[in-house]
Structures are given as structure tokens and as C-alpha cells.
Amino acid sequence: MSLRVAAQEADFDVGAELARLESLGGGGVASFTGVVRGGDGLAALYLETHPAMAVRQLEAIGAEAMARWSLLGATLLHRHGRLAPGARIVLVATAARHRAAALEACAFLIDWAKTRAPFWKQEIGADGGTRWIEARAEDDSAAARWLRR
């Protein structure tokens, strides 16, 4: 089993991360890449966190997924700092012997990372104004579905 977790300012190489998981010899690799949406006058998104705390929480979420789906490997990379529209924010990827486990575990990881990892988002407008983004009920509902299993 191979779990890779990071909370970092630097961008990541999606191809290299997926190649690492593909090399584990499973039959399925699934991934999700989150990207900063543009539009509505957004100049940037600022993600605040305490990196060591974020890594500990992402490791716990990753360990949960590894155990639930008997994954061969998983990757959870989350960026922080100031990100422009179009920039990658998060990468979640999983490798399993079969596609169903890889796909389900990938969905679980993004749902739980979105609601349980300590990241706070602030929008920065083209006019310099800022606004903190509140947690969304849809994200909590998506994460809650994994509590019933």
C-alpha cells in the first residue's frame, strides 16, 4: 500500500502522480483534479491552512480509504496560498485491483477532503475586495453518504 499526501503551495504534476499509481500493478486508477473556477470578477482564490495540521488530517482520510477499499495506493495533494483562475487546487487519485473500488474511493476522498480537511477559501475580486467562502450544505450531504456504508 502506498499513500502520498501533501499540503503545499507549489503546483503538482498530474501525469507523474498518475504514473506512480499505475506502476503499482492494479487494474484501475481513478482521479479528480480540482481547478479554480474563473468568472464573476474573480482575480484569485486564497486558501488558508496550517500545513502540518492539514497533512495529518489528509493522512487520516487517506488511511480510511486505503482500509475501506483495500487500495493499492492513493494520492491526496492540496495546495494553499494565492491561486489564479485555472490553477489546480487539489488532486485525489486512487489505484485498486478493480475499477469500482478505485472510483468509489476517489469519490470518498474528495468528499471527505472537502469537508474534513482544514482549508479555508477566500475569494479575491478584480476590484481587490475579498469574501470568505462558507461551507456548502451540498458538500456536507455528499460526505455524509459515506457514513452509512
ILVMFWY network linking [X] to [Y], side-chain heavy atoms under 4.5 angstrom:
{"X": "Val55", "Y": "Leu47", "result": "yes"}
{"X": "Met66", "Y": "Val92", "result": "yes"}
{"X": "Leu21", "Y": "Leu103", "result": "no"}
{"X": "Val35", "Y": "Val14", "result": "no"}

Using 0.5 Å steps for rounding, measure from the [atom1] atom of [X] to the [atom2] atom of [Y].
{"X": "Leu24", "Y": "Leu71", "atom1": "CG", "atom2": "CG", "value": "10.5 Å"}
{"X": "Tyr46", "Y": "Glu123", "atom1": "OH", "atom2": "CD", "value": "15.5 Å"}
{"X": "His80", "Y": "Trp120", "atom1": "NE2", "atom2": "CH2", "value": "12.0 Å"}
{"X": "Thr130", "Y": "Ile124", "atom1": "OG1", "atom2": "CD1", "value": "7.5 Å"}
{"X": "Gln57", "Y": "His78", "atom1": "CD", "atom2": "NE2", "value": "12.0 Å"}
{"X": "Asp11", "Y": "Asp13", "atom1": "CG", "atom2": "CG", "value": "8.5 Å"}

Are the side chain of [X] and the backbone N or O of [Y] linked by a donor-acceptor pair below 3.5 Å?
{"X": "Thr49", "Y": "Pro118", "result": "yes"}
{"X": "Arg79", "Y": "Arg88", "result": "yes"}
{"X": "Asp40", "Y": "Leu42", "result": "no"}

Considering all heavy atoms of both residues, which atom of Val29 and which atom of Ala95 are nearest to each other, and what is their separation? CG2-CB, 4.1 Å

Ignoring hydrogens, what is the shortest heavy-atom contact between Leu109 and Ala65? Give both atom names and the distance. CD2-CB, 3.5 Å

For the residue pair Glu104 and Trp69, confirm or rule out a side-chain donor-acceptor distance under 3.5 Å. yes

Positive for side-chain contact (heavy atoms from CB on, under 4.5 Å) with Thr115, one of Ile110, Ile61, Asp140: Asp140

Side chain proximity check, Leu3 to Leu76, heavy atoms < 4.5 angstrom: yes

Quick one: does Arg20's side chain get under 4.5 Å of Ser2's, heavy atoms only? yes

Could you tell me whether Glu134 atom CD has more than 12 heavy atoms of other residues or ligands within 6.0 Å of it? no

Relative to the ring of Trp146, is the ring of Phe108 parallel (under 30°), tilted (30 to 60°) or perpendicular (over 60°)? perpendicular

